[in-house]
Student: 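Handing you a structure now.
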Amino acid sequence: VKDLFKANPLDVDAVIEALSEIENMKQEFDNKMGELTGTEDQMPWEKGPQQFKQMEVSPNLDKWIPRQSQNINIPGKSGPAGGNQTCNVNGVEVPGACQQ
């Protein structure tokens, strides 16, 4: 692959083909390792919904980034049972009710 990059003129198709071949060899290696060791890497979506920790936010965040109010705009009705609910998020009206 290094030699392909050094060639003048650069043959982009040859570089892409060589990189693709390296990727295929790595995948084959990973598959064989999984078979031999009995362990396989799981993809993030295979691990379930709680694979990431909840973000920890500084209690002083409001000093640095002030919160903007979220207004509920329900034409013709008041309360959560209203018709076409929209929520003002940072100056943009989005469909649905605001979550507090």
Side-chain angles (χ1 to χ4, degrees):
V1 175
K2 285 182 182 181
D3 292 338
L4 291 173
F5 276 111
K6 292 178 183 178
N8 196 3
L10 179 65
D11 186 357
V12 176
D13 292 329
V15 171
I16 291 173
E17 187 176 322
L19 292 173
S20 177
E21 183 64 30
I22 291 172
E23 182 179 5
N24 290 339
M25 289 184 337
K26 184 204 178 298
Q27 288 176 348
E28 288 176 17
F29 175 79
D30 287 343
N31 290 340
K32 291 293 181 187
M33 283 296 294
E35 289 176 15
L36 294 172
T37 61
T39 59
E40 294 186 28
D41 291 334
Q42 286 186 327
M43 298 312 245
W45 53 86
E46 295 173 331
K47 294 180 182 178
Q50 289 298 331
Q51 58 183 311
F52 302 108
K53 291 188 336 184
Q54 184 70 22
M55 246 177 61
E56 295 179 17
V57 180
S58 168
N60 298 324
L61 183 64
D62 288 334
K63 292 180 183 176
W64 301 313
I65 305 172
R67 291 183 181 224
Q68 295 184 2
S69 64
Q70 296 179 342
N71 301 320
I72 298 177
N73 181 9
I74 305 171
K77 294 191 177 184
S78 63
N84 298 325
Q85 294 183 357
T86 60
C87 183
N88 185 328
V89 179
N90 295 330
V92 177
E93 290 292 325
V94 294
C98 295
Q99 296 180 357
Q100 301 295 338

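Excluded from the calculations below are hydrogen atoms, water molecules and symmetry mates; all remaining heavy atoms, backbone and side chain alike, are included.
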Student: Should Glu23 and Gln27 count as side-chain neighbours, where that means a heavy-atom distance under 4.5 Å?
Tutor: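 Answer yes - side chains close enough.
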Student: Can you hop from Leu10 to Ile22 via hydrophobic side chains spaced under 4.5 Å?
Tutor: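 Yes.
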Student: Do Phe5 and Val12 belong together in a cluster built from hydrophobic side chains that touch within less than 4.5 Å?
Tutor: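 Yes, Phe5 and Val12 fall within the same hydrophobic cluster.
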Student: Look up atom NZ in Lys32 and atom OG1 in Thr37, then write down how far apart they are to the nearest 0.5 Å.
Tutor: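 Result: 12.5 Å between the selected atoms.
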Student: From Asn24 CG over to Leu19 CG, what is the distance, rounded to the nearest 0.5 angstrom?
Tutor: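 These two atoms lie 11.0 Å from each other.
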Student: The test is side-chain contact (heavy atoms from CB on, under 4.5 Å); show your working for Asp11 and Leu4 and say whether it passes.
Tutor: CA-CA 7 Å; Asp11 186 357; Leu4 291 173; 5.9 Å; no
